[in-house]
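Down below is the structure, laid out as structure tokens.
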Amino acid sequence: MCEDEHHGVGRRALFVTGAAAALTLGSVSFPSEAADAADGPSGSGEPVTRTVRGTLPTGSPDFVYLPVEVPSGVREIKVAYTYERPTVPTGTAGNALDIGIFDQHGTELGGRGFRGWSGGARTEFFIRADDATPGYLPGPVREGTWHIALGPYTVAPQGLAYEVTITLTYGEPGGTVKPVYPPSRAKGRGRAWYRGDCHLHSWYSDGRRTPAEIAALARAAGLDFINSSDHNTHSAHAHWADQAGPHPDGELLILLGEEVTTRNGHVVALGTDPGTFVDWRYRARDNRFGKYARRIRQAGGLVVPAHPHATCVGCNWKFGFGEADAVEVWNGAYGPDDEVSLADWDSMLVASVREGRGSRDWIPAMGNSDAHRDPDPVGTPQTVVLADELSREAIQEGIRAGRSYVAESKAVSLSFSATGPKGEHAGIGGRLKVDGDDPVTVRLEVSGAPRCTVRFVTDQGVLHTSAVLPVAGSGTVEWRTTAQYAAYVRAEVRHEAAAGPLPGALAAFTNPVFLGR
């Protein structure tokens, strides 16, 4: 085994474009297939290995690229890495180093050369024509300059000492496998309310569940559709087809997407075309998010900022909501960050009313589990969408229009509407066209919410709170208002509050019904 050690700054170059920076190290070379390599018999199928060591200082750029000169005749590339995790003072970030790889097509934004990303979930990976580690794309290992992408997520004050080992195996590449994707339509119930969870992680990123395990849990949770959303890779897309379609426990529509995980927030690409990759290598100050939001839409997907007020490093949303088709207000077990997201979303509704946009231009809310591994429950929460059929396009149209509510489980069902003096009627996401002083009756029917209370929230705040629902969990709550008094009304179903002034955790909430001309 030959070792190349890269130390200091002597063998690296810093490339800066706008506010984005990338560090490129000196390249690693290998013998050609025909060479008389001392490291291993040429063409014998035995591996040849190189090892690179170095240290990244605090303040390193987001991405560090290690070029690897891959000769012809390579059957497989394998990469393993380790890095030091020194003890740091309380409140100080320690070391965390992500990894991925780009092939001979290069590292330019847009991802033409993208071949895989595992973040910090794996310490090694391989790629060959017929197979690859989950998170990576199989295919031939062609001649050219490949780049191992290192992502120093956080760097300790002592610096981040790393070691990367690259192994090439020579020989015939073998055959490639043509990907098969799940269908974009499933057998549904016609126009109906369909339950879904659009933020899920499999072992193709940092999850621990297989697609089969996730599909089984989705059916058990009463879901009709899910969305594949692994971090920064679309490698799972070709592994869902067997889980879709007819099943003894019901059909399951499987949408394909990605959780685009930037350093300034995460966005779910919901229901993109099969095989779509969306780049994540930019920050808010780079002014590139709009381009990749359009990339999501051009690929038939929705742009959904995820957990916008989450407290994990890099999770807080900093790109604004001008490109959002919906926003994930409730993520996993309901907590303080979800309460902030809900309040922030309500403020956006108020602003749309104040600016005269109302029901013409507002951002619907949704909820997803973000489940990664046991014991994370799939379908807690779930978004319940009114759609014409169980298809990708119909579900997306329902989400985009705001014809949906969010429930903590399949046990909770809601029916929410507003009725005018002449029998005019509007449901969730709609507009009840009445004059400002016309009497309006708002009605919520709820089941599966024992000992919960119902709150009607408007642009003026919470204007009605019901008595506690019975232990049976079912009930009907009505409230009378006018469009002059409430420009919109939405419903929240909350568990009994613990001692203190804060409201209880959500059991469900609806998108609004708008009132007025």
Side-chain angles (χ1 to χ4, degrees), residues 6 9 11-26 52 54-68 79 81 83-85 88 92-103 106-122 125 135-136 146-162 164 205-206 230-233 258-267 269 277-293 295 305-308 310-320:
H6 294 187
V9 297
R11 299 184 65 183
R12 65 189 188 185
L14 182 65
F15 297 96
V16 180
T17 304
L23 180 70
T24 300
L25 304 173
V52 175
T55 300
L56 299 174
T58 56
S60 291
D62 290 345
F63 300 99
V64 176
Y65 296 108
L66 174 61
V68 179
V79 178
Y81 82 120
Y83 60 93
E84 294 183 1
R85 296 173 172 84
V88 297
T92 301
N95 283 335
L97 183 64
D98 295 341
I99 197 167
I101 195 168
F102 292 76
D103 67 17
T107 62
E108 290 79 9
L109 283 175
R112 183 165 177 254
F114 177 78
R115 290 298 292 271
W117 182 259
S118 50
R122 288 181 169 80
F125 62 86
Y136 295 80
W146 290 50
H147 289 83
I148 297 167
L150 300 174
Y153 200 63
T154 53
V155 179
Q158 300 94 321
L160 196 161
Y162 64 88
V164 180
S205 61
D206 62 342
D230 283 309
H231 294 282
N232 294 348
T233 181
E258 176 187 336
E259 184 176 8
V260 184
T261 307
T262 81
R263 299 299 181 88
N264 285 161
H266 303 182
V267 61
F277 169 75
V278 184
D279 216 317
W280 72 95
R281 293 170 294 161
Y282 43 84
R283 288 181 179 254
R285 63 176 181 262
D286 300 330
N287 294 318
R288 290 194 174 103
F289 175 69
K291 174 180 179 179
Y292 292 102
R295 167 68 174 143
H307 46 65
T311 56
C312 47
V313 175
C315 293
N316 195 268
W317 185 251
K318 297 185 183 300
F319 293 97

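Separating the CH2 atom in Trp280 from the CD atom in Glu259 is a distance of 13.0 Å, to the nearest 0.5 Å. The line from CG of Asp286 to NZ of Lys291 is 12.0 Å long, rounded to the nearest 0.5 Å. Within the model, atoms OG of Ser60 and CG of Leu160 stand 7.5 Å from one another, a figure rounded to the nearest 0.5 Å. Expressed to the nearest 0.5 Å, how far CZ of Arg285 lies from NZ of Lys318 amounts to 11.0 Å. To the nearest 0.5 Å, atom CG of residue Asp62 and atom CG of residue Asn264 are 8.5 Å apart. Atom CG in Leu66 sits 9.0 Å away from atom CD1 in Ile101 (nearest 0.5 Å).
A donor-acceptor pair is defined here as one N or O able to donate and one able to accept, closer than 3.5 Å; no such pair exists between the side chain of Arg122 and the backbone of Asp206.
Taking the ring axis of Tyr83 as reference, the NZ or CZ atom of Arg85 stays within 45° of it and closer than 6.0 Å to the ring centre. Relative to the six-membered ring of Phe289, Arg283 misses at least one condition, a distance below 6.0 Å or an angle of at most 45° to the axis.
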Stepwise side chain to side chain contact (heavy atoms under 4.5 Å, CB included) check, Tyr81 with Ile148: CA-CA 11 Å; Tyr81 82 120; Ile148 297 167; over 6 Å; no
Residue pair Tyr153, Leu97: steps toward the side chain to side chain contact (heavy atoms under 4.5 Å, CB included) verdict: CA-CA 6 Å; Tyr153 200 63; Leu97 183 64; over 6 Å; no
Side chain to side chain contact (heavy atoms under 4.5 Å, CB included) assessment of Asn95 paired with Thr154: CA-CA 5 Å; Asn95 283 335; Thr154 53; 5.8 Å; no
Step-by-step side chain to side chain contact (heavy atoms under 4.5 Å, CB included) determination, His147 to Val68: CA-CA 6 Å; His147 289 83; Val68 179; over 6 Å; no
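Residues Val267 and Trp317 meet the side-chain proximity criterion, which asks for heavy atoms closer than 4.5 Å. Using a 4.5 Å heavy-atom threshold, the side chains of Val64 and Leu25 count as touching.
In the displayed structure, Gln158 atom CD is contacted under 6.0 Å by more than 12 heavy atoms of other residues, nucleotides or ligands.
Listed here is the closest heavy atom pair of Tyr282 and Thr262: O-CB, 3.6 Å. Residues Arg295 and Val278 approach most closely at CG-CG2, 4.5 Å, considering heavy atoms. Among all heavy-atom pairs drawn from Pro67 and Gly26, the shortest one is CD-O, 3.8 Å. Contact between Tyr292 and Leu109 at its shortest, heavy atoms only, is OH-CB, 3.2 Å. Scanning both residues, Val88 and Pro157, for their nearest heavy atoms gives CG1-CD, 3.9 Å. A pairwise comparison of heavy atoms in Ile99 and Trp117 identifies O-CE3, 3.4 Å as the closest pair.
Between Tyr65 and Phe63, the ring-plane angle classifies as parallel under the 30° and 60° cut-offs.
Between the side chains of Ser118 and Tyr136, at least one donor N or O lies within less than 3.5 Å of an accepting N or O. Checked by atom type, the side-chain pair His231/Thr261 shows a donor-acceptor distance below 3.5 Å.
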